[in-house]
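Below: the structure, in structure tokens.
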Amino acid sequence: MGQFPEVDPNLDLPALDARILELWRDRKVFQRSVDQRVGAEPFVFYEGPPTANGRPGVHHVEARVFKDLFPRFKTMRGYRVDRKGGWDCHGLPVELEVEKELGLKDKQAIETYGVEAFNARCRESVERYVDAFEQLTERIGFWIDASQAYRTMDTSYVESVWWALAELHRRGLLVEDYKVSPYCPRCQTTLSDAEVAMGYKEVEDLTAYVALPATTGTLAEEGAALLVWTTQPWTLVPNVSVVVGPGIDYVLVEATGEDGRARKLVVARERVAAAVGEDARVLRPVPLEELLGTRYQRAFEEIPVSEEEAARGWTVVADEYVTTSDGSGLVQTSPAYGAEDLAVGQRYNTPVLHPVGLDGKFGPETGWLAGRFVKAADADLVGDLRRRGLLWRAETHTHAYPFCWRCATPLIYYALTSWYARTTAVKDRLLAENARIGWRPEHIRDGRFGDWLANNVDWALSRSRYWGTPLPLWRCEEQHVTVVESLADLSAKAGRDLSGIDPHRPFVDEVTLACPECGQEARRVPDVLDAWFDSGSMPFAQWGYPHTPEGRAAFERAFPADFISEGIDQTRGWFYSLLAVSTLLFDQTSFRNVVCLGLIVDRNGRKMSKSLGNVLDPFQLLDRYGADPLRWFMLASGSPWASRRLFPEAIEDVTRSLFLTLWNTYSFFCLYARLEGFHPVRSTGGATSAPPGPPTPLDRWVLAELADTVDQVTRSLDDYDATSAARRLAGFVDDLSNWYVRLSRRRFWRGTGDDADAAFGTLWTCLRTVAVLLAPYAPFTAEELWQGLVVSVDSEAPDSVHLVDWPRPDPAAADPELSAAMAEVRRLVGLGRQARTEAKLKIRQPLARALIGVPDPVRAGVAGLLDLVAAELNVKEVGFAEGEAGLVGYRLAPNFRALGPRFGRDAQAVAAALRQAPPGVAAELAPRLRAGERVELAVEGLGTVELGPDEAAVVEEPVTGWRVVRDGATTVALDLEVSPELRLEGLARDLVRAVQDLRKSAGLEVADRIELAVKAGGDVAAAVAAHRDYLLGETLATSLHTAPQGDGHDARVELDGQEVRLWLRPVRAVDA
RNA sequence: GGGCCUGUAGCUCAGGCGGUUAGAGCGCAUCCCUGAUAAGGAUGAGGUCCCAGGUUCAAGUCCUGGCAGGCCCA
């Protein structure tokens, strides 16, 4: 058997990390931790692929640490947890990164540069950033198999996605539709709702109330105009109808405008004051029937229209979506530029004017507007309306407007054709499956995510871009669509071998097919796929399903996932795409449990962003503090799903309060275990265990706390609650260090008997178990402890903590009564210290007696621990006040839990009577209540009331003239009298202390023996004489002189008002 | 404008089912202890538990309405 290591009391975590990383590599620990569970029940984890379009930030550490914790925990619990990495490679973010690098400004520039070269650069960019992510992954100890990582750009992955689309098409769930979408004119692409959501900004826009003169009916005869409100004046150019609400009351009002001209306007009754003005005069109601079909003058007539079109448009129609929450209650429509507008246009068969180009600029048919970006034309358009007398009022209006989340260009709503996944067809199934998912936090299920699903709309999949999975759709002149589901399928349909082709643009664009229906040439639909569909397909696409037998087997083994974890922003990103894709294809959710994570923000609660300059570089933090404190911070502070403030001091705090505390305990153990030759004993089962030395109450207490910690940590982690588990574990480490070890120190010195064995054995068991519990959280520190505590002394133990089985809670060790009693003891010690502080009597001065009072339920437990109180308070004797005749008084305390329900509003009166019971009454009632009897008490306003022992608690208190300190029902009375004997004893302790200081400054080891000389007079000399053995024993002195004996270390100290001279010299080992 | 979350000490955060003394850590001040020592501990100051109503014998906790911040969506 080896020896425990020498431990450097200074903890250097970054150096420790490097050591451990090497150990893991050498011993292939990750691989073995998975392999040793061969045949075990699988626990399935899915890696949500990060988009490799930039350097990783601290938020990536957050997600990756959670993705590491639970798989490690489950592995130790006996599951087989395969962890396949993954990378999201496609999509606009990557393209934008490359555009920036190449200085390309728009799609035209990309075409000129060449799609093949552009996509090659995209591929390179992705591969470059993947490297940085892999470094971070290793550095933080995130165990995931990077060598087997799936990449959404790989051929087999693309083929799987093609299969998915083909499958949807077969089932009629992939359709093409003409639809208005949020559109970025700079990127020249539509955006998904999730993308739009990322780019809302508060802006001031010019809004206009416009008076459109009626040209038919009674309104025209009266010279009235329709008042419409728009936040986007440019949409009046392609306007084709005005919509009113069927449930809304309209009126005709007369008012004078800014230009001094009186007008008659049709407006919703509710909106008169807001839209027209307080002084508007209501002339008459306008019934809906009168309004409907009324024709009006176009606001702008730049765009030529045919007679036929003119006949179908520019009339008043009705639809439910009109509200009176703002505007005038009359809404203008331009079907190509608004989703509701298009719906109304289709319903009433209005013309569609589509004068805006893909670049967001007005086309040539718009006359003076041609070539202008629509949003930039608003001001001039309003000016033009004013000149022509059609403007009622214009004003700026602050509202949230969507901008392109990557390039910050204002989006416009724009009609294009797109391919859609018909998620609305499976909406009920989405909702039902969502109900089965274990969400952390739970409110996401019915709140944010459930609402989103309830309002589900079809998923627009088309992107008019370059670097993405090409839509596997080929179309001929006759508009017949052919769907391809693999390269083999493509080869067959194209009539030549294309199995080696890169399934990206431009290569697949060049492949043409003979249409199976009509034989004409079919060309690929040029769009690529929304990258969210790629990542949502990972459950099967990561295995190349269903194109190979191995892929099919792997998918079936690992579907659905037991656990995923990502930022809460993925609710409408990956969480949705995963659920939607798997429900469409397999009619079930692809994940059973999901832990959502909040934002990591700076110390002021602001988002970290490059522009604010408040970004923390994870690599710098790791180099400075090591991985474990950062991991712990992510896992243990606050709520994972709330945004959390991260700054260096927060990590330093973790280091100090947890890791340094643990490290001190560990180095303390190793120091004395080496010194005293302690070895854990191997039991027959092969595992080492604590020796069976008789445990002290303190030993039993700490083992009970340990058992409770194992139990609670296990339960919490089973429940995906990392934070509660971490708090319990940190609490135990604190208890172990600052209570168990502190009170047990002397047992580790010169201790070879049963008591020392029990102490060493207990501490070793605790530290060893902490190492195991800590392993999923802080894999580096846990490993270091395991190596030192176990591997160094037991060659047959697992050679890594990460190969160890998770500890089972030990119900036999749990002891809630002892825990409660010890908590009370700690409260007593705190009160005793307070008494000493107030009396200015330092702990080193022994005192004769203390009397205590504690609540009845813990009394028996505390009785067995009184020596701990005595030792901590340096008091000779501690006793309950009860036995001391004349030294005890009683109070009665109300128990509201019992009194409240029984007495209702009189409970307060009963409580007061109890509290104010005179000492004599309390003294008489107390013993009877304790004996379980019911007693009678006079209560003002109620007469005599009978109370049971559960309704009134007895509090006993010392009533001496001593220093008394109280906290609730806990009381300590200290006898402050210092007798001459106690004084000498105190001086002896002072002297010991001074000698120890000298030993320390002389550089002696803790076990060195010394010759000692003390030159002093008066009481100090008397103290030396009276406590000679104590003095020698405490200072490891073999002889005591009254004067220096030659060379040595000496010091002068002042004790008891006089100078004392100390001298010492180490004794050679042979002399001892 | 809507949905959800959050609001407790100077700072970061705990506070099952409502129960009468609201806690911890950090920071600050004053001390103590020291054979874990470039550690450890104690005591103290510091709180209208965001505000206003309500329910209740009893509200940090439950309800309603506000306010502020965050996230998501219009």
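So that the names make sense, note that chain A is the first sequence line, chain B the second, and so on, each numbered from 1. Predicted, not measured: the structure shown is a model, and the values here were computed from it.
Residue Arg445(A) is classed as having no contact, given no heavy-atom separation below 4.0 Å to the nucleic acid. Lys1000(A) comes within 4.0 angstrom of the backbone, heavy atoms only, and of no base. As judged by a 4.0 angstrom heavy-atom cut-off over every strand, Tyr672(A) is placed among the base-contacting residues.
If you take atom C1' in G47(B) and the same atom in A9(B), they sit 5 Å apart, rounded to whole Å. Comparing G60(B) with G1(B), their P atoms are spaced 32 Å from each other, to the whole Å. With both ends at atom C1', the span from A59(B) to C17(B) equals 14 Å, rounded to whole Å.
Distances shorter than 4.0 Å separate some side-chain N or O of Arg745(A) from OP1 or OP2 on A36(B). Between Gln996(A) and C33(B) there is no side-chain N or O to OP1 or OP2 distance below 4.0 Å. Close to A14(B), at under 4.0 Å from its OP1 or OP2, lies a side-chain N or O of Ser639(A).
A donor and an acceptor atom sit less than 3.5 Å apart, one in the side chain of Ser737(A) and one in the base of A36(B). Not a single donor-acceptor contact under 3.5 angstrom links the side-chain atoms of Arg836(A) to the base of C32(B).
Counting only heavy atoms from C-beta on, Asp653(A) has its side chain closest to G25(B) among U43(B), C72(B), G25(B).
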At a cut-off of 3.5 Å, list every protein nitrogen or oxygen paired with a nitrogen or oxygen from nucleotides 59-68 of chain B, distance to 0.1 Å.
none

Where do N or O atoms of nucleotides 15-20 of chain B meet protein N or O atoms at under 3.5 Å, pair by pair?
from	atom 1	to	atom 2	distance (Å)
C17(B)	N4	Arg897(A)	NH2	3.3
U20(B)	O2'	Arg915(A)	NH2	3.2

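Leu743(A) contributes atom CG, which lies 7.5 Å from atom CE of Met822(A) (distance to the nearest 0.5 angstrom).
Evaluation of the salt bridge (Lys or Arg N to Asp or Glu O under 4.0 Å) rule for Arg728(A) yields Glu705(A), Asp708(A) as partners, not counting sequence neighbours.
Relative ring orientation between Tyr672(A) and Phe668(A) is described as tilted, the plane-to-plane angle lying within the 30° to 60° band. The aromatic rings of Phe678(A) and Phe760(A) lie parallel to each other, their planes meeting at an angle below 30°, with 60° marking the opposite boundary. The aromatic rings of Trp439(A) and Phe449(A) are tilted relative to each other, their planes meeting at an angle between 30° and 60°.
Salt bridge status for Glu1034(A) with Arg746(A): present, with a side-chain N to carboxylate O gap under 4.0 Å.
The closest side-chain donor-acceptor pair between Tyr401(A) and Gln232(A) falls under 3.5 angstrom.
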Practice item. May I have the step-by-step check of side chain to side chain contact (heavy atoms under 4.5 Å, CB included) for Gln834(A) and Val972(A), ending in yes or no? Key: CA-CA 10 Å; Gln834(A) 187 184 339; Val972(A) 172; over 6 Å; no
